[in-house]
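Contents: one structure, followed by commentary.
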Amino acid sequence: MVQRSTDHDTFTGTALAQMTLAQKLCELREDRFEITGLTQSFVDNVRVFGLGRALLFAARRARLVATRTLPARIESLRAQIDHDIAAIHDDPAASSAQEHQRGRRYVAEVQEVLQRFGEASTPHELALLRAYLQEHQLELAHERALLDRTRASTPPSDAEILARKALIPVAIVLAPIAITIAEHRLTKTWPRPAPLVPERTAATHGAVRAAHALYGVVFTGYAAVNAGLARGDRLTVARQRLQQMQPRITDATQAIGDAARALQPYVEPSRAVASAASRVDSSWTHERTEQGRTERTCRTERDSHGQTREVCSSRYVCERQDHVWRFSDHVALTGLQQLDVERRSLAGLAFDAPDASALEAEILRATSEPTASAQGARAQHELVRDLRSSPLVTVVGELGAALAPYQRTDAPPQRLQWIQREMSNPGAFPAETRLVDRRCMPGSVRDPQGFTEVRAFARPIVDADAELQLVVQNLARSRPILTALETQARALRERSEPTEEQWIALSDACTALYRLAHPRGSMAAPDAGQRVWRTAVVAAVSTLCAVIALLLWREREKKRAWR
């Protein structure tokens with residue numbers, strides 16, 4: 001059995017027999033609160049105690065779990081509560097309201113509130129419990145103050161009072177500002193990934209050579225930025241990297257032209273077939289309208305002073321969604337006729353996907369060199385994955401998957417045959433379909449079969465063509481960026497002491513070129529917009545942490561005042 005110490009937890013150094021009835025009641029409630037906070041979940045603690053005390057209970061529980069003393073502490077608290085109840089009933093003042101600070105609330109009423117303490121569920125009951133907790137804290141602070149008057153204590157120094165009341169909260173408030181400034185500075189000089197890109201490649205396809213040349217320019221520029229932003233004699237290394245950019249920019253300009261010529265045979269046929277497929281797709285329209293109502297609910301709440309008030313809230317409730325599908329056979333027939341004509345432009349067109357395996361082997365060969373670090377090896381493997389998924393390399397294969405099945409005019413794909421055969425069937429292609437969805441949930445109504453088949457036929461063709469047109473446009477946009485990069489590199493080489501802003505401008509230009517080569521790539525350095533968003537996110541998170549720190553500090557100061 002756990003023995004209770006006469007040096008009480010709340011009123012440290014005071015034996016239970018020497019306490020007043022009010023102090024014994026405070027002790028009983030504080031022990032009951034602590035055992036509740038240690039045994040129930042964090043969410044329940046927030047609902048009952050608030051965020052500040054819930055965090056304190058979570059930290060205390062983690063410390064007890066780490067030291068494997070949580071079961072012993074809980075058992076000790078249960079023994080203390082039993083001892084408190086027995087001592088309160090034996091106290092002569094328990095039958096009198098004179099010494100009880102609350103005046104009207106007797107021992108039995110306190111025990112009844114504590115018995116219902118962990119069972120609150122409605123907002124009204126939680127509000128009453130929070131009011132009870134606040135009143136208990138005030139009473140506990142008052143009893144602490146009365147106890148401190150009767151014992152000798154060293155008053156805090158002026159420096160401690162100043163640090164406690166001014167310096168500590170000011171430091172907590174200034175912390176997010178300092179973190180945000182440091183993050184902004186760090187993001188501007190973010191380490192750029194600079195994997196080794198071979199100067200020459202055995203690849204024969206123009207698109208693969210263009211991807212290789214563009215990556216070579218980008219990562220050589222990143223390597224120059226890394227060296228230029230470093231301290232010491234790294235400026236010489238940065239100028240060497242800038243010198244290496246000149247032939248890479250020349251190769252990239254030539255490779256872009258080769259890639260554009262390699263993709264040119266696919267541009268017009270893809271656009272024509274995609275236009276016909278898009279017309280077939282537009283033969284179906286889908287409209288959705290929603291009807292709902294606003295519900296207003298009111299409830300009566302009672303505050304800590306016994307006054308009642310009415311609290312009302314409103315919420316929107318969806319009652320039904322009306323779906324209307326309409327099909328135009330004239331538009332579909334026109335699109336199918338156009339498709340029959342445009343499909344002839346695909347005859348004889350070979351969708352030979354670029355083979356990047358030789359270039360991947362050359363890139364990975366650099367990781368086997370003795371001088372290659374583990375970080376460099378990881379960057380090389382990321383570069384290989386990036387190259388394999390670059391639209392420059394994958395776009396022809398995606399076009400082949402979408403358009404090659406329609407090259408044969410004598411044997412069209414089964415989905416197209418089904419559309420042509422069933423288009424006159426009103427069961428699969430009704431002129432109008434209306435459905436009512438009373439669940440108001442996505443996917444709760446089924447689209448007409450003709451609508452689903454047309455979308456499955458047309459969307460891959462349209463998406464593949466859009467990807468090809470974007471690649472061709474990005475190749476054209478890369479030329480002026482390469483010219484600007486050449487000008488920036490020459491200016492940085494000629495300057496004796498380039499500024500940080502000039503290196504960042506070079507990095508942003510390399511990032512813009514990388515985004516054109518691979519819009520969905522993951523190896524680009526952050527550009528100006530991403531730096532702003534990153535700094536904003538860090539500012540919001542650090543501010544939230546500062547608010548939590550202030551709440552914890554206030555709880556600590558309250559606890560210090562109670563003692």
Side-chain angles (χ1 to χ4, degrees), residues 266-292 317-351 353 394-470:
Y266 306 102
V267 175
E268 290 304 326
S270 173
R271 182 179 300 168
V273 175
S275 175
S278 178
R279 188 171 184 84
V280 176
D281 187 34
S282 64
S283 63
W284 278 97
T285 60
H286 177 210
E287 297 178 359
R288 184 187 68 178
T289 57
E290 185 173 302
Q291 298 180 12
V317 179
C318 174
E319 294 180 332
R320 57 182 289 175
Q321 288 181 347
D322 297 325
H323 295 261
V324 181
W325 291 267
R326 293 184 176 90
F327 172 69
S328 173
D329 55 353
H330 173 71
V331 175
L333 284 172
T334 304
L336 289 175
Q337 292 171 0
Q338 181 185 354
L339 181 64
D340 288 335
V341 175
E342 302 298 347
R343 282 167 56 195
R344 295 183 176 88
S345 63
L346 300 177
L349 187 62
F351 294 96
T394 62
V395 66
V396 179
E398 294 175 356
L399 276 172
L403 300 180
Y406 301 95
Q407 284 183 304
R408 296 181 57 185
T409 57
D410 57 336
Q414 293 184 358
R415 176 169 281 122
L416 181 57
Q417 292 182 24
W418 185 89
I419 294 175
Q420 293 173 337
R421 183 179 65 253
E422 298 293 334
M423 196 172 62
S424 59
N425 181 8
F429 287 85
E432 183 176 290
T433 303
R434 293 179 177 271
L435 289 177
V436 177
D437 177 19
R438 300 190 181 277
R439 298 174 60 187
C440 297
M441 296 178 60
S444 57
V445 296
R446 180 176 296 180
D447 298 327
Q449 187 179 5
F451 177 86
T452 305
E453 292 293 331
V454 167
R455 287 291 168 91
F457 150 73
R459 291 302 170 88
I461 300 177
V462 175
D463 293 343
D465 174 69
E467 186 74 10
L468 173 65
Q469 305 303 329
L470 179 61

Practice item. Go through the structure and list residues passing side chain to side chain contact (heavy atoms under 4.5 Å, CB included) with Glu268, not counting sequence neighbours. Key: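 Per chain and number, Glu268 pairs via side chain to side chain contact (heavy atoms under 4.5 Å, CB included) with Arg271.
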Point to revise | Test side chain to side chain contact (heavy atoms under 4.5 Å, CB included) applied to Ser270 - qualifying residues, sequence neighbours left out | key: Leu399, Leu403, Asp465, Leu468
Check your understanding: For Tyr266, which residues count as a ring pair (Phe, Tyr, Trp, His ring centres under 6.0 Å) partner, sequence neighbours excluded?
Key -> Phe351
Review point. Which residue pairs pass the disulfide bond (SG atoms under 2.5 Å apart) test when at least one of the two sits in residues 394-456, sequence neighbours left out?
Key: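 Passing the test, one end in residues 394-456: Cys318-Cys440.
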Check your understanding: Can you tell me if Thr334 uses its side chain to pair, donor with acceptor, with the backbone of His330 under 3.5 Å?
Key ->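 Side chain of Thr334 to backbone of His330: a pair is present.
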For [X] and [Y], work out which heavy atoms get closest and say how close.
{"X": "Leu346", "Y": "Pro269", "result": "CD2-CB, 3.8 Å"}
{"X": "Val280", "Y": "Ala332", "result": "CG2-O, 4.2 Å"}
{"X": "Arg455", "Y": "Pro460", "result": "O-CD, 4.0 Å"}
{"X": "Leu416", "Y": "Arg343", "result": "CD2-NH1, 3.8 Å"}
{"X": "Pro405", "Y": "Gly400", "result": "CD-O, 3.7 Å"}
{"X": "Ala458", "Y": "Asp281", "result": "CB-CB, 3.7 Å"}

Determine all donor-acceptor pairs shorter than 3.5 Å in which one atom belongs to a side chain in residues 428-435; sequence neighbours excluded.
unit_1 : atom_1 : unit_2 : atom_2 : d
Glu432 : OE1    : Arg326 : NE     : 3.2
Glu432 : OE2    : Arg434 : NE     : 2.8
Glu432 : OE2    : Arg434 : NH2    : 3.4

With a cut-off of 3.5 Å and sequence neighbours excluded, list every side-chain donor-acceptor pair involving residues 447-454.
unit_1 : atom_1 : unit_2 : atom_2 : d
Thr452 : OG1    : Pro448 : O      : 3.3
Glu453 : OE1    : Arg415 : NE     : 2.9

Using 0.5 Å steps for rounding, measure from the [atom1] atom of [X] to the [atom2] atom of [Y].
{"X": "Met441", "Y": "Gln321", "atom1": "CE", "atom2": "CD", "value": "10.5 Å"}
{"X": "Gln414", "Y": "Arg421", "atom1": "CD", "atom2": "CZ", "value": "9.0 Å"}
{"X": "Ser275", "Y": "Glu342", "atom1": "OG", "atom2": "CD", "value": "7.5 Å"}
{"X": "Phe457", "Y": "Leu336", "atom1": "CZ", "atom2": "CG", "value": "6.5 Å"}
{"X": "Tyr406", "Y": "Leu339", "atom1": "OH", "atom2": "CG", "value": "8.0 Å"}

Point to revise | salt bridge (Lys or Arg N to Asp or Glu O under 4.0 Å) between Asp322 and Arg320, intermediate numbers included | key: CA-CA 7 Å; Asp322 297 325; Arg320 57 182 289 175; 2.7 Å; yes
Practice item. Take Val324 and His286 through the test side-chain contact (heavy atoms from CB on, under 4.5 Å) and record every step on the way to the result. Key: CA-CA 6 Å; Val324 181; His286 177 210; over 6 Å; no
Check your understanding: Can you tell me if Glu422 and Asn425 form a side-chain donor-acceptor pair at under 3.5 Å?
Key -> yes
Check your understanding: Would you say the side-chain atoms of Glu319 and Gln291 include a donor-acceptor pair closer than 3.5 Å?
Key -> no
Check your understanding: Given the side-chain rings of His323 and Trp325, with only the six-membered ring counted for Trp, is the space between their centroids under 6.0 Å?
Key ->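 Yes, they do, as the ring centres are separated by less than 6.0 Å.
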